[in-house]
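Numbers restart at 1 for each chain; the letters A, B, ... are given by sequence-line order, proteins then strands.
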Protein chains: 2
Amino acid sequence: MFKPITIKDIAHALELSPSTVSRALSDSYEINEETKKRVIEYAEKHNYRRNPIASSLRHGRSYSIGVVVCEVANSFFSQAIDGIESVAYGKGYHVIISQSHDAYEREVVNIQHLANRAVDGLLISMSAETKDFSHILKLHEQGLPIVFFDRVIDDFETHTVTSDNRKGAKQATLSLIDRGFKKIAHLANAPHLSITAERLEGYEEALRQCDIPLDESLIRYCHHGGRVQEEVDEAARYFINLREKPDAIFVASDRLSMGCLSAYNKLMPRESHPAVAGFSNSDVLDLLQPGFTCIRQPAFKMGQVAMEMLIQLIESRYPVYDFENIVLETELIQR
Amino acid sequence: MFKPITIKDIAHALELSPSTVSRALSDSYEINEETKKRVIEYAEKHNYRRNPIASSLRHGRSYSIGVVVCEVANSFFSQAIDGIESVAYGKGYHVIISQSHDAYEREVVNIQHLANRAVDGLLISMSAETKDFSHILKLHEQGLPIVFFDRVIDDFETHTVTSDNRKGAKQATLSLIDRGFKKIAHLANAPHLSITAERLEGYEEALRQCDIPLDESLIRYCHHGGRVQEEVDEAARYFINLREKPDAIFVASDRLSMGCLSAYNKLMPRESHPAVAGFSNSDVLDLLQPGFTCIRQPAFKMGQVAMEMLIQLIESRYPVYDFENIVLETELIQR
DNA sequence: GTGAAAGCGCTAACAG
DNA sequence: CTGTTAGCGCTTTCAC
């Protein structure tokens with residue numbers, strides 16, 4: 001059906017050898033300017049395009065990289081993807097996005113799918129449900145370059161990029177305390193995610209600094225990262241039914257901020273909602289929800305840095321043993 | 001660096017020929033059960049994975065398809081992508097997503113990138129800025145299977161899936177009229193998009209049916225589909241400054257609904273906002289914005305149908321000349 | 001400055 | 001039931 005023109009066709013038409021055509025198209029210094037011009041003109045005229053699959057096979061490289069995120073319909077991740085793409089395209093790489101939907105099984109399947117030469121490297125942000133990392137470890141041991149961003153794995157010898165979650169969480173919590181709230185709850189992400197622990201630390205640190213005792217009953221985890229709205233609704237109902245209701249909530253993620261606000265909207269009039277501050281990269285959420293203070297992560301930058309690190313790993317001639325763990329600053333947006 | 005085991009390696013280790021190994025791995029009926037078992041065991045033990053690039057080159061097929069949407073951080077499109085993936089994975093296809101950001105140039109670059117054998121077919125939803133279709137037409141003439149969804153092109157001989165935009169728009173407008181509003185504005189998408197014309201028709205039809213005269217000055221187009229928030233803000237300011245302000249607005253898309261609500265939030269207190277009804281597939285937008293009536297498109301279904309049609313084109317032995325234009329029903333969600 | 005030939009990993013005739 | 005061979009399109013020595 002779809003039969004594009006090949007180097008052979010050009011060679012035949014111009015009475016040259018395929019190798020000459022190949023060299024002419026890659027602008028080799030060995031080739032006569034005159035010949036180059038003929039080849040390039042013919043190629044353009046006939047809409048020739050190098051077959052990337054053959055090229056990949058030859059080079060043992062696909063010039064594409066895989067990205068694994070929980071979902072793309074998420075401001076943070078879509079901005080990170082934009083950052084990744086901005087670097088990737090500039091360096092001649094394709095970007096293949098795949099979504100785990102925060103489910104362990106999807107993550108395993110997708111990573112398997114991407115691995116083994118279909119991609120030259122992987123950019124991963126862990127799924128909320130994943131506790132077992134052997135599927136990733138195995139690939140890494142085989143030599144597949146991997147860089148983690150945002151949601152990383154401990155004790156994994158590779159580059160990582162994250163934001164300063166502890167500090168951001170602390171700022172957000174402090175901003176609630178500053179506004180006079182005393183009973184501040186924490187709606188947390190899945191317990192085994194790296195970001196969950198760090199953000200929890202920041203929350204605790206803020207309370208400690210202001211001599212507010214930590215009340216464990218004010219912390220609720222969402223094991224599916226809010227993918228299941230029911231778990232967020234349940235958390236909101238739990239907070240509402242406490243004898244001493246929280247007057248404010250620090251929410252650990254974009255997805256959960258959305259879920260939390262909508263859960264409360266279903267449960268009570270807006271005037272009686274607790275104050276909410278949380279991590280969010282959404283442009284509109286904060287506009288639609290007056291008084292919502294948010295922590296912005298440098299998502300675009302994080303994508304860029306992650307991609308740069310991955311390219312460094314891919315293009316390095318020798319195995320890399322010296323890994324960087326870059327931490328970017330967050331920004332507090334207060335209204 | 002990353003040197004996965006090949007069929008040759010297995011053949012060598014087991015003292016078989018590569019072809020036997022290949023056949024054993026694809027469970028060919030010709031191969032002895034005993035041999036199959038040995039091969040499969042060895043392959044699993046050594047974590048063999050078929051090199052998809054070599055396989056693609058051999059078959060002249062990549063078993064991957066390209067999706068071009070304006071952006072993934074959009075409820076409608078991310079749901080459509082989920083639908084596409086659900087069918088694709090089941091049939092053994094990879095999905096490569098690329099974003100045009102509603103910009104003509106990005107669309108051209110991305111489509112070129114995807115085409116020429118890197119993908120077996122294309123699923124396209126047009127960018128808001130695109131007026132010239134020659135880049136797509138050229139590929140189609142060369143035989144690349146293409147299916148359009150949601151934002152289609154007129155006079156293009158191929159399968160399409162859309163939703164009943166005219167009817168949905170009419171329902172939304174009627175719902176505003178029912179609630180007693182008389183001066184109903186229309187915030188429209190880019191003028192040359194297929195969906196823009198259809199939704200405008202529905203709006204006009206609703207007015208006509210209720211004997212409300214059409215007032216052209218109440219219609220504003222967003223040439224970049226709301227990608228530039230400034231153009232939405234400008235439209236909101238325009239409506240506010242009209243001598244006779246609209247008391248309700250029918251908004252043509254998800255992105256514009258967001259933009260419109262946040263523009264008004266910036267400009268005036270919530271109590272004085274006009275009523276808003278519009279196309280939106282967002283789960284939370286309607287929850288966060290009381291009184292927001294929305295038209296839901298069957299995005300997931302649309303993705304599924306589009307993918308099925310594309311596979312039909314790809315796998316057809318003979319050129320297809322009999323094209324379908326499927327129209328799916330929308331749903332009105334009223335509060 | 002150009003060509004011939006080999007090979008990336010896989011598969012499908014064709015032979016036995 | 002298994003092996004031999006050729007070739008997908010491209011690139012890159014090695015010759016000339």
Value in whole Å for how far the C1' atom of C:dT11 lies from CD1 of B:Ile31:
12 Å
In whole Å, what is the span from the CG atom of B:Asn51 to the P atom of C:dC10?
6 Å
Would you say A:Tyr48 places a side-chain N or O within less than 4.0 Å of OP1 or OP2 belonging to D:dG9?
no
Counting just side-chain N and O atoms, does A:Thr6 come under 4.0 Å of either OP1 or OP2 of D:dC8?
no
To the nearest angstrom, the OH-C1' distance between B:Tyr63 and C:dG9 comes to 16 Å
So which one's nearest nucleotide on DNA chain C is more toward 5', A:Glu30 or A:Ser19?
A:Glu30
Taking atom C1' of C:dC10 as reference, at what distance in whole Å does atom CD1 of A:Ile53 sit?
13 Å
When you get a sec, tell me which of C:dT11, D:dT2, C:dG9 is the closest nucleotide to the side chain of A:Leu57?
C:dG9
Think B:Thr20 has a side-chain N or O under 4.0 angstrom from the OP1 or OP2 of D:dT2?
no
Check whether any side-chain N or O of A:Lys8 sits under 4.0 Å from OP1 or OP2 of D:dC8, and answer yes or no.
yes
Between atom CD1 in A:Ile10 and atom P in C:dG3, what is the gap in whole Å?
14 Å
Send over the distance from A:Arg61 CZ to C:dC8 C1', rounded to a whole Å.
14 Å
Answer yes if the ring centres of B:Phe148 and B:Phe156 are under 6.0 angstrom apart, and no otherwise.
yes
Aromatic ring proximity, centroids under 6.0 angstrom, B:Tyr104 and B:His135
yes
In a check of side chain to side chain donor-acceptor pair (under 3.5 Å) between A:Thr130 and each of A:His192, A:Glu107, A:Arg151, which one passes?
A:Glu107
Taking only side-chain nitrogens and oxygens of A:Thr35, does any of them come within less than 4.0 Å of OP1 or OP2 of C:dT2?
yes
